[in-house]
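In what follows, every chain begins at residue 1, and chains take the letters A, B, ... in the order their sequences are listed.
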There are 2 protein chains.
Amino acid sequence: MVDPQVRFEELVDKLREREYRLTPQRIALLRLLATSDGHPSASQLYDQIKDQFPTTSLATVYKTLDVLKGMDEVLELRFSGDDNHYDGHNPHPHPHLICVHCRKIIDLEVNIAQDLVQQVSWRSGYQIISYRLDFYGVCPDCQEGE
Amino acid sequence: MVDPQVRFEELVDKLREREYRLTPQRIALLRLLATSDGHPSASQLYDQIKDQFPTTSLATVYKTLDVLKGMDEVLELRFSGDDNHYDGHNPHPHPHLICVHCRKIIDLEVNIAQDLVQQVSWRSGYQIISYRLDFYGVCPDCQEGE
DNA sequence: GTGCTTGCAAACAGTTTGCAGATAG
DNA sequence: CTATCTGCAAACTGTTTGCAAGCAC
């Protein structure tokens, strides 16, 4: 994983390059995205920003996330019956592993799916643009507790 | 794919077995699920049922879908920024291919992901329960039109 | 100073729920 | 006959939008 500080500065630079304004709220969000290694949801991000900026609003979080999504700098993960989660480290599609018990979401480092994309494209005639691969299971910690 | 009529009767039997009541609205929904080979959304199903039962409601569609989900007889597919779609043919997880242009959803017959599940389970220590694999792309029809 | 951004509140969409009346078994 | 199911309407959840005031540049 990229160093959080480096990633944070990268995000700041990208916003500046495109002449987006660097408000304190945005800085706080960028820092959170760069440092939190889980995959926080919008409201989790909001809760943490609120500690520093008590008047901040969820709408602002969403608006900034929209900007970042549009720049392909965060990956939005929508889950069944859950709110969306955001990955600001690696904005490109990659497999995730979700614990159905504690809801922890981890990245799968292995990029097993790259071969699949080629195969599927070839077999179906589709021009494959992207994919989404999630595994649902019980993580080692939660297996013990049962 | 299983013959729609056979699948329809199968669904009817499963409901009867568990002593759910076979109302005309439910019969209509089961028939739709068994025959429609796209992956209809709740409101698409509702629209079609409404032709036969003008007083039917979306809530009833959802309630019956809930029953079927609970029996593992339909697979609910939630998509980003879209409403849920339902697969009543093959209720077990399998890969899908979604055209980002015409929104068509097709099943991938290949079950490439079975090996992956094993690999991931072994590498991560997770007890894998299920997975979700969607490819996003442009289908052959939509490629021509561009 | 200009106009992008914030933050509130209200709107929105899909889904779920409560309940009185209808109906399958 | 009775418990389940229907269908309406209202509630709910996460997300989006409109707009006046605020602030980055």
Side-chain angles (χ1 to χ4, degrees), chain A residues 11-32 39-71 74-86 103 105, chain B residues 11-32 39-71 74-86 103 105:
Chain A
L11 287 170
V12 170
D13 287 345
K14 300 240 177 183
L15 280 188
R16 199 173 353 236
E17 264 169 37
R18 311 214 182 182
E19 301 189 324
Y20 284 107
R21 297 198 177 160
L22 289 167
T23 64
Q25 296 90 330
R26 284 185 174 170
I27 302 282
L29 180 62
L30 297 184
R31 181 162 280 122
L32 276 179
H39 293 68
S41 66
S43 63
Q44 285 168 342
L45 291 165
Y46 168 63
D47 286 343
Q48 290 187 259
I49 296 178
K50 212 167 40 179
D51 293 343
Q52 302 172 54
F53 301 93
T55 70
T56 215
S57 77
L58 243 187
T60 299
V61 172
Y62 277 112
K63 282 169 187 167
T64 303
L65 286 171
D66 274 347
V67 168
L68 294 167
K69 275 191 284 172
M71 292 167 55
V74 296
L75 183 66
E76 185 179 67
L77 298 171
R78 300 181 102 119
F79 289 105
S80 295
D82 203 355
D83 41 9
N84 298 346
H85 290 251
Y86 297 88
R103 292 265 106 199
I105 302 167
Chain B
L11 287 171
V12 170
D13 287 346
K14 299 240 178 183
L15 280 188
R16 201 176 349 240
E17 264 170 37
R18 311 213 182 184
E19 301 188 322
Y20 284 107
R21 297 202 175 158
L22 289 166
T23 65
Q25 295 90 330
R26 282 184 176 173
I27 302 282
L29 180 63
L30 297 184
R31 182 162 280 123
L32 276 178
H39 294 67
S41 66
S43 62
Q44 285 167 343
L45 290 164
Y46 167 63
D47 286 342
Q48 289 187 257
I49 296 177
K50 213 168 38 179
D51 292 342
Q52 303 172 55
F53 301 92
T55 69
T56 215
S57 76
L58 243 187
T60 299
V61 172
Y62 277 112
K63 282 168 187 167
T64 302
L65 286 171
D66 274 345
V67 168
L68 294 168
K69 275 191 284 173
M71 293 166 57
V74 297
L75 183 66
E76 185 178 68
L77 298 171
R78 300 181 103 119
F79 289 105
S80 295
D82 203 355
D83 42 8
N84 298 346
H85 291 250
Y86 297 88
R103 292 266 106 201
I105 302 165

Heavy atoms, side chains only, cut-off 4.5 Å: are B:Val67 and B:Lys63 in contact? no
Starting at atom CG of A:Asp66, determine the distance to atom C1' of D:dG14, rounded to an integer number of angstrom. 13 Å
Between atom CZ in A:Phe53 and atom P in C:dG7, what is the gap in whole Å? 9 Å
Which part of the nucleic acid, if any, lies within contact of A:Thr60, taking any heavy atom under 4.0 Å across all strands shown: a base, the sugar-phosphate backbone alone, or nothing? base
Please state how far atom NE2 in A:His85 lies from atom P in D:dG14, giving the value in whole angstrom units. 10 Å
Nearest-0.5 Å distance, CD1 of residue A:Ile105 to CZ of residue A:Arg103: 7.0 Å
Sequence neighbours left out, what passes side-chain hydrogen bond (donor to acceptor under 3.5 Å, both in side chains) with A:His39? Give chain and number order. A:Asp87, A:His96, A:Asp107
Nearest-0.5 Å distance, CG of residue A:Leu29 to OG1 of residue A:Thr60: 10.0 Å
Between A:Ala59 and B:Ala59, which is nearer to the 5' end of DNA chain C once each is assigned its nearest nucleotide? A:Ala59
Whole angstroms only, please: what is the CG-C1' distance between B:Leu68 and D:dC5? 14 Å
Take atom CG of B:Leu15 and atom P of C:dG25, then tell me their distance rounded to the nearest Å. 11 Å
When rounded to the nearest 0.5 Å, the distance separating CG of B:Leu65 from CG of B:Asn84 is 9.5 Å
Starting at CG of B:Asn84 and ending at C1' of C:dA13, how long is that distance when rounded to a whole Å? 12 Å
Would you classify A:Thr56 as touching base, sugar-phosphate or nothing, given that sugar-phosphate means primed atoms plus P, OP1 and OP2, and contacts are heavy atoms under 4.0 Å? sugar-phosphate
Distance check, rounded to the nearest 0.5 Å: B:Thr56 atom OG1 versus B:Asp47 atom CG? 11.5 Å
Check whether any side-chain N or O of A:Arg26 sits under 3.5 Å from a backbone N or O of A:Arg21 as a donor-acceptor pair, and report yes or no. yes
Please report the distance, rounded to the nearest Å, between OH in B:Tyr86 and P in C:dG14. 12 Å
OP1 or OP2 of C:dT6 less than 4.0 angstrom from a side-chain nitrogen or oxygen of A:Ser57, does that happen here? no
What parts of residues 16-30 of chain A reach DNA chain D, counting only heavy atoms under 4.0 Å away? A:Arg21, A:Leu22, A:Pro24
Report yes or no: is there a donor-acceptor pair, N or O only, under 3.5 Å between the side chain of B:Lys63 and the base of C:dG18? yes
Return the value, rounded to whole Å, for the distance between atom CG of B:Asp83 and atom C1' of C:dT16. 15 Å
